[in-house]
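A quick write-up on the structure given underneath.
Note on naming: letters A, B, ... go to the chains in the order of the sequence lines (proteins, then strands), and numbering restarts at 1 for each one. Side chains included, hydrogens not; waters and symmetry mates left out as well; all remaining heavy atoms used.
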Amino acid sequence: MSENILLKAENLSKIYQMGEVTVAAVKNVDIEIVKGEFAVILGPSGSGKSTLLNILGGMDQPSEGNVMMNGESIIGFNDKKLTAYRRDKVGFVFQFYNLMGTLTARENVELATELCKDALDIDEVLETVGLGDRKDHFPSQMSGGEQQRVAIARAVAKNADLLLCDEPTGALDFETGIKILALLRDINKKYKKTVVIITHNVPIGDMADRVIKMRSGEIIEIKENENPIDPERIVW
Amino acid sequence: MKKLDKRLIRTIGHSKGQFISLVVVVIVALIVYVSFSMIAEQMYNSIFQYYRETNFAHIFVDVSRIPGNSVDELLEIEGVDQVQGRIIFDVPLRVEDPNEKVNARIISDPGTEDQINSLFILEGEGPSPGTRTTAVLKQFFVGRDMKFGDTIRPYIGGTEYSLQVVGEVGSPEYIYLMENEQTLLPDEKGFGVIYVPEEFAQSAFGFQGSYNNIVVTVDEGHENRVDIIADEIEDRLDRFGVRSVITRENHMSHSVMIQEVDSLEMMSTSITIMFLFVAAVIISIMLSRIVRKDRIAIGVLKGLGYDNKQILMHYVKYSLAIGLVGSILGVLLSIPVADMLSGVYIQYMNIPLFTGAFDIRYLFYGTLLTSVFCIASGVFGARSVLKITPADAMRPETPKAGSRMWIEGFKALWQRLTFSWKMVLRNISRTKRRAFFLILGIALTYAVTMLPVFMSTIWNTLFDRQYSQLQKMDYSIDFNIPVERNALLELQQLTDIEFIEPKVELPFELVEGWRKETINVIGVQRDTIMYGFRTASGRQIELPSKGIVLTDILARQLQVQAGDTIQINSVLPGKSDKTIQVKAVVEQYFGKNAYMDIEQMYDILEERDIATGALLMTEADVVPDLKDVKNIRGINSVQDMRDAIMEYMDLIIASMGSMMIFGGVIGFAIVYNITIVSISERMMEFSSLRVLGFDKKDIFRLVTRENALMTVFGIILGVPLGYSICVGLVDYVSTDMYTIPAVIEPFVYVYSAAATLVFVFVAQLATYRKITNLNFIDALKNRIS
């Protein structure tokens, strides 16, 4: 089993000091992400899921605890190593896409792949996300769904093992959201990428291999899904 | 091309106005730096190279008369390398137009090899011994459109001589040609220098075997002792009537040249630094704004795996692009500017070795200088990139802490303000540092604009002060030799003169402690109507019956003031030294003199009722009537001096105009960029206002009000700043020969304010398009650019 673990967090805590008040965003979290799985971290707003995702992705440092990627701890990485970790091991998809407005779809993807040694073929990835004929458009000329596809293509094309998606459907309408989820599922299958989605949207959990529920900075339940459903069947 | 670089280029494309305005600031800095520094260095080097090649003297001595063998005795003084006697006289020149007054300085040429101040033959040859030939100084040769073979006709002691022009020459002594300290500007048509064979000068002036001028060079190891050697020479030559001993440092042409080089260097440094500093501050404000706006983008880039260095460089490249584009264009444009500038110097200054060729090193220096400035300001402006952590970048920025302003304490006032004005004031207080920079920028614009406005008034003020208030005569006539005072009556019969007064103008050495100055002391009637003496405070004074009145430059050099007693030594042989009390210090802008009652002058000279010249008031043109009168050496007309200056007006207006443009560039760059930064920062706020029902004009009005308020403060601050710069400049350019009155007329302030308002208005207008083109709905939607 242990060789199947891609990412492992132990006793993870993140405490913010806000004036005289101490806020624990994440409290003693233990979590394992299995290679190739499609995991969904579910929780209401303020449950600490984004903080957890940021720490797992090397975007933020925990106050306590350990995070291991393929058995190697990333805690204590200096800035340079942490940058390399984000560059080579992780791909991020954000709620608000966060594309560079002055770059075309293709250039936005290239912005990420320029840094990587084993990047995937950009045109193929853009084809996969359904943007083969829109790649020379600027973000402002695209719909929200299209922009999120570019963001996914950007994360995938880096050929990182892990795709971390922070509320990827949060800014989209229902139908577009479903399409994006389907795309992420396809990517998970086609490229054998481990996908972790965080969301407050409970029905999305039905398509996951595993659902990790959080509340108030703690994991309250981890549920294996015997029969994940197709994204197209999700309703919210 | 790297995608980040592509993003940079598109970002620049979207902020063309800002980019271009900053590039222009850099271009101006670079043009000034490259052309001014390059020419200053070349001029300096070529002057000294010229001095070496022509064996330029270290000491110049004017005496009444000295035999040749006594000149040679000066070689005994330790440190003296070479000595050479010369005969120098200023004489009128006969020209075709009888109304034209032309003076020539005749200088004897020994015709030997290895002479001091040897002629630099530009074309033709030097005057040959035994002939009636002359070599003419280039400025005069060109100014009077001479050709080889032409005859020029000096009028010496009542006789007209004919000299054939055989050469066009340069001389280190007359790189910058001025007739005397009071003329200030060259007049190549009206005054020139001609070199004649020594024996011709000796016979024409009656100086067989003797001289009235000595030039001395000093051994290489004794150059730092020139002053001491000059003193020793003065002591030794006492019996020959020393009129003046001038070291190279105080030599008229040399000091004008050195001052020119110095002021070029000063302008080069100060203008370059000022412009680069302004560019640097704007760049850093702009970049820090861009970085703040790009917070999420920076987070994303870090999330993608870009490191701090790569992201910082991305932003620094923005400023580097400004520096490089500015450098390239600046260097390219500095080629014609340097060419133009060196053309002006070549026209007015005769340095044969100065070519004004472009020096490639300055291309490198200039680019390096601007790059360093731009990189430093870029790093400074974008340094907050380093602090942004990717996780923080994804969270919304905490709103700026709002607090009440001190002005809100004045409830009565605050409550009277409209909502828009309250917003204006709040915004200013929220971005204090930027507001301060904007005010400072406008103050700087005002000051830079004020300088040329002030300088264009200088000539008028100078003329008014020097010629309407101090010297009220229309003509000042000098005789060859002192004449009976009665001779003035004859002059009155020759031409139409309203008033005439005698003057006795003779060189004296004034001594106070170790300080001494040899200058012309002018004796005039106590009740003179030709002079209006005023003290520095503007108080009018009359000449005292006993004692001496010094001009301010002289008093400063001797470090004396009214009430002090100084020694006055006649330079004429056989006269005893006397002490005299300084009764007052008066203002005089050109030249330095001392004045006393003519009766007291007679006492000192132990001679009565003589005159060395006359002062005239008349409406008529007296030159044609008087120029052939025997014993008249020179006729100086105030109108001629005014006209000479007017010839330079184009040049003055051109340089003032470029200074004005400098002010405009700075003003525009600052106001435009700061306004754009402010607009882009407040997109959300403006969008909300639009939702509330403000239209585009309302928003523009809001921004305009803010800038108008800053402009008022800027101008208020600009007044003392401009005043200090003008006074500083006046101080800087004042020399031993002239001072410029630091009188700033009220209209100078008004014109400068008007010009500043125009610059601010134009910049403001340029931002109008930005506001009308802003898509407020997009602004509310977009999170990243």
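For a heavy-atom cut-off of 4.5 Å, chain B lies close to A/Asp79, A/Thr83, A/Arg86, A/Arg87, A/Phe92, A/Phe94 in residues 75-95 of chain A. Below 4.5 Å, heavy atoms of chain B meet heavy atoms from A/Glu110, A/Leu111, A/Ala112, A/Glu114, A/Leu115, A/Phe138, all part of residues 110-138 of chain A.
Looking at B/Lys309, neither its backbone nor its side chain comes within 4.5 Å of chain A, counting heavy atoms on both sides.
Under the 4.0 Å criterion applied to side-chain N and carboxylate O atoms, B/Asp5 and B/Lys317 are assigned as salt-bridge partners. Between A/Glu10 and A/Lys8, at least one side-chain N (NZ, or NE/NH1/NH2) sits under 4.0 Å from a carboxylate O, which counts as a salt bridge. A salt bridge links B/Arg682 with B/Glu706: the closest approach of a Lys/Arg side-chain nitrogen to an acidic carboxylate oxygen falls below 4.0 angstrom.
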>> salt bridge (Lys or Arg N to Asp or Glu O under 4.0 Å), that's the test. Do A/Lys14 and A/Asp60 meet it? Break it down for me.
In response: CA-CA 9 Å; A/Lys14 178 74 181 177; A/Asp60 206 354; 3.5 Å; yes
> Please walk me through it: do A/Lys49 and A/Thr199 pass side-chain contact (heavy atoms from CB on, under 4.5 Å)?
Replying inline: CA-CA 8 Å; A/Lys49 52 191 193 309; A/Thr199 180; 5.6 Å; no
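The neighbour count for A/Gln17 CD, taken as heavy atoms of other residues, nucleotides or ligands under 6.0 Å away, is above 12. Enclosure of atom NZ in A/Lys190 by more than 12 non-hydrogen atoms of other residues, nucleotides or ligands within 6.0 angstrom is indicated.
Of all the heavy atoms in A/Lys193 and A/Asn188, the pair that sits closest is O-ND2, 2.6 Å. Closest heavy-atom contact between A/Asn66 and A/Met68: ND2-CG, 3.9 Å.
Of the inter-residue distances, the one linking A/Ile152 atom CD1 with A/Asp186 atom CG reads 10.5 Å to the nearest 0.5 angstrom.
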